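A quick write-up on the structure given underneath.
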Amino acid sequence: MAATKKLSSLFPLLSLICFISFFLLLSISRKASISSSTTHPQFLRFKPIDANLTTRSDPSATGDSSCDYSDGSWVYDPNAGFDRYDSSCKEIFKGWNCILNNKSNGRDIIKWRWKPRNCDLPPFDPLQFLHTYRDTNIGFIGDSLNRNMFVSLFCTLKRVSNDVKKWRPAGADRGFTFLHYNLTIAYHRTNLLARYGRWSANGNGDKLEALGYKEGYRVDVDVPESTWEKAPSFHDILIFNTGHWWWAPSKFDPVKSPLLFFEKGLPVIPPIPPDLGLDKVLNHVIRFVEKTMRPDAIKLFRTQSPRHFEGGDWDQGGSCQRLQPLLPEQVENLFSLKNNGTNVETRLVNQHIYNALKGSNVHILDITRMSEFRADAHPSTAGGKKHDDCMHWCLPGVTDTWNDLFVTHLNSLKI
């Protein structure tokens with residue numbers, strides 16, 4: 001009887017313990033919903049590529065002996081504000097200004113902060129950046145996703161320094177100089193990095209013509225596009241990207257208008273598919289940049305920015321309507337090479353980039369894994385297009401975090 005009474009008196013305490021345990025389990029489950037999957041293959045970062053590119057064993061790869069910046073979680077901070085810049089920055093392309101375009105979660109996008117598992121990635125200090133990189137020229141070379149990143153950097157710097165002049169280096173699409181610091185940042189637009197243009201049969205018995213090709217796009221794998229060919233001799237820091245246009249059948253139809261690769265002015269025979277053409281272009285780009293840039297210049301290649309089309313590609317009714325970051329299993333469903341889904345090019349492109357840069361002195365800026373979670377951060381229907389924009393990023397937004405990583409990387413290389 002006494003034992004029964006004692007157990008009865010302990011019942012409220014036991015109930016409380018069970019309730020707390022259940023609450024903790026829910027909290028852990030929610031945190032896991034925005035955590036990086038530990039099964040995702042990792043690559044070296046913050047170091048020239050070497051033979052160990054598929055391992056995580058080299059602690060110096062990130063500049064921090066305990067940190068892999070791609071392994072982390074998106075943490076929600078309800079009190080986060082627009083400390084870097086806001087929707088009033090005029091350089092933001094209209095379709096990316098999700099706040100002015102009234103995207104339903106436009107103001108929540110910046111409240112998610114990337115937290116690496118074993119270290120911190122704080123927002124970079126724009127004033128300190130201007131001081132540190134005084135008398136420096138920085139060039140972004142690539143497609144519109146590099147413009148996305150360029151605009152983010154410009155808006156952040158302009159918030160603390162208004163003494164800015166529009167000025168474009170040779171070939172650049174956009175450019176600004178922060179006069180007090182003599183710091184120039186520029187964006188050089190190029191879709192394939194290599195020179196390309198329309199090609200059609202001319203009846204002269206060309207080898208491609210003999211194989212039945214009537215028209216397509218000629219890509220000179222060993223000739224840089226004119227928009228950036230002079231950039232290596234001008235800039236102190238270059239950050240490249242390519243990828244989205246290489247897997248774009250709507251742009252380069254493999255039957256009606258295929259990519260036709262030329263090397264040393266002659267067609268590559270037999271013709272090769274786009275993935276092998278990309279390998280050739282990357283190899284020539286690396287050689288060209290290493291030959292034309294100063295030895296102490298910093299060269300980076302940004303990994304592929306993920307798209308988040310669900311239900312089809314952009315021209316097949318695909319959309320991106322999510323309002324929060326993805327769960328790890330949702331990330332794998334969208335991007336796994338095994339599934340071969342709509343967005344598979346993200347990891348395919350990265351394989352080619354890592355293999356091409358192996359052994360070079362070009363540094364990798366890995367933004368892919370952290371970005372794969374952010375299906376909520378694209379313009380979607382607020383982008384002003386006839387279809388959902390699930391490729392570019394809202395500004396302010398995810399590319400601000402890319403620049404935090406970019407600056408952390410630069411600072412580690414200057415030490």
Side-chain angles (χ1 to χ4, degrees), residues 46-49 129-151 153-154 157 164-197 219-243 245 262-265 278-303 353 356-365 403 406-407 409-414:
F46 294 5
K47 185 182 179 183
I49 303 303
F129 180 87
L130 288 167
H131 282 286
T132 302
Y133 296 95
R134 182 188 296 272
D135 302 321
T136 300
N137 301 321
I138 302 173
F140 291 79
I141 297 175
D143 57 35
S144 55
L145 274 300
N146 248 15
R147 180 181 174 184
N148 221 170
M149 185 178 178
F150 160 81
V151 172
L153 180 62
F154 169 77
L157 298 179
V164 182
K165 179 183 178 181
K166 279 188 177 182
W167 185 80
R168 293 182 298 167
D173 184 71
R174 317 286 296 175
F176 299 92
T177 297
F178 291 83
L179 298 174
H180 183 69
Y181 302 93
N182 191 31
L183 169 69
T184 294
I185 64 172
Y187 163 62
H188 299 256
R189 179 181 174 84
T190 173
N191 296 325
L192 303 178
L193 293 178
R195 183 178 71 188
Y196 76 99
V219 182
D220 288 279
V221 298
D222 50 350
V223 181
E225 193 164 10
S226 62
T227 55
W228 72 271
E229 64 179 340
K230 295 182 180 179
S233 61
F234 175 78
H235 291 291
D236 306 289
I237 299 169
L238 285 179
I239 177 165
F240 290 88
N241 96 288
T242 195
W245 287 68
F262 284 66
E263 194 168 18
K264 296 181 180 179
L278 173 60
D279 291 339
K280 281 183 171 290
V281 168
L282 290 173
N283 288 329
H284 281 292
V285 164
I286 293 165
R287 287 200 291 269
F288 176 75
V289 171
E290 291 182 336
K291 179 181 177 181
T292 54
M293 283 193 87
R294 296 188 317 276
D296 61 340
I298 296 175
K299 301 167 283 289
L300 304 102
F301 211 108
R302 176 179 60 72
T303 59
I353 291 172
L357 298 184
K358 181 176 164 183
S360 76
N361 62 1
V362 180
H363 301 267
I364 287 286
L365 187 70
N403 279 315
F406 173 49
V407 175
H409 192 161
L410 290 182
N411 292 341
S412 75
L413 294 173
K414 287 178 69 70

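All figures in this text were calculated on a predicted structure; none of them were measured in a lab.
The shortest distance between side-chain heavy atoms of Phe129 and Leu157 falls below 4.5 Å. Between Leu238 and Pro232, some side-chain heavy-atom pair lies under the 4.5 Å cut-off. In this structure, the side chains of Asp143 and Trp245 come closer than 4.5 Å at one or more pairs of heavy atoms. Between Arg134 and Leu183, every side-chain heavy-atom pair lies at or beyond the 4.5 Å cut-off. Contact check for Ile141 versus Leu193: side-chain heavy atoms found under the 4.5 Å cut-off. Put simply, the side chain of Ile298 reaches to within 4.5 Å of the side chain of Leu410, judged on heavy atoms. Between Phe406 and Met149 the shortest side-chain heavy-atom distance falls below 4.5 Å. A heavy-atom distance below 4.5 Å is not found between the side chains of Trp167 and Leu179.
Put simply, the side chain of Glu290 gets close to the backbone of Asn361: a donor and an acceptor are under 3.5 Å apart. A donor-acceptor pair is defined here as one N or O able to donate and one able to accept, closer than 3.5 Å; no such pair exists between the side chain of Trp228 and the backbone of Arg189. Here the side chain of Thr177 pairs no donor or acceptor atom with the backbone of Asn182 at under 3.5 angstrom. The closest donor-acceptor contact from the side chain of Asn146 to the backbone of Phe140 lies at 3.5 Å or more, if one exists at all.
Annotation: the span from His409 atom NE2 to Ile364 atom CD1 amounts to 9.0 Å, rounded to 0.5 Å. Atom-to-atom distance recorded for Thr303:OG1 and Leu357:CG is 10.5 Å, nearest 0.5 angstrom. The CD1 atom of Ile286 sits 15.5 Å away from the NZ atom of Lys291 when rounded to the nearest 0.5 Å. The line from CD1 of Ile237 to OG1 of Thr184 is 12.0 Å long, rounded to the nearest 0.5 Å. With rounding to the nearest 0.5 Å, the separation of OG1 in Thr242 from CZ in Arg302 is 10.0 Å. Atoms CG and CZ, from Asn283 and Arg287 in turn, are 6.0 Å apart once rounded to the nearest 0.5 Å.
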Phe176/Leu153 under side-chain contact (heavy atoms from CB on, under 4.5 Å): CA gap, chis, key distance, verdict: CA-CA 11 Å; Phe176 299 92; Leu153 180 62; over 6 Å; no
Checking side-chain contact (heavy atoms from CB on, under 4.5 Å) for the pair His363/Leu413: CA distance, chi angles, key distance, verdict? CA-CA 10 Å; His363 301 267; Leu413 294 173; 3.4 Å; yes
Test side-chain contact (heavy atoms from CB on, under 4.5 Å) on Ile239 and Leu365 and set out the steps. CA-CA 9 Å; Ile239 177 165; Leu365 187 70; 3.6 Å; yes
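Taking the six-membered ring where tryptophan is involved, the planes of Phe154 and Phe150 are essentially parallel, since the angle between them stays under 30° and well short of 60°.
Qualifying salt bridge (Lys or Arg N to Asp or Glu O under 4.0 Å) partners for Arg147, counting only residues two or more places apart in sequence or in other chains: none. Listed by chain and residue number, nothing satisfies the side-chain hydrogen bond (donor to acceptor under 3.5 Å, both in side chains) test with Tyr181 (two or more places apart in sequence, or in another chain). Take Arg195 and apply the salt bridge (Lys or Arg N to Asp or Glu O under 4.0 Å) test, not counting sequence neighbours, and it matches Asp220. When the salt bridge (Lys or Arg N to Asp or Glu O under 4.0 Å) test is applied to Lys280, the partners found at least two apart in sequence or on another chain are Glu263. A search for side-chain hydrogen bond (donor to acceptor under 3.5 Å, both in side chains) contacts involving Tyr187 returns nothing, not counting sequence neighbours. Applying the salt bridge (Lys or Arg N to Asp or Glu O under 4.0 Å) test to Asp135 and every residue at least two apart in sequence or in another chain returns nothing.
Ala194 approaches Val281 most closely through the heavy-atom pair CB-CG2, 3.9 Å.
A salt bridge links Arg294 to Asp236: one of the charged nitrogens lies within less than 4.0 Å of a carboxylate oxygen.
You'll find the ring centres of His188 and His235 inside the 6.0 Å limit.
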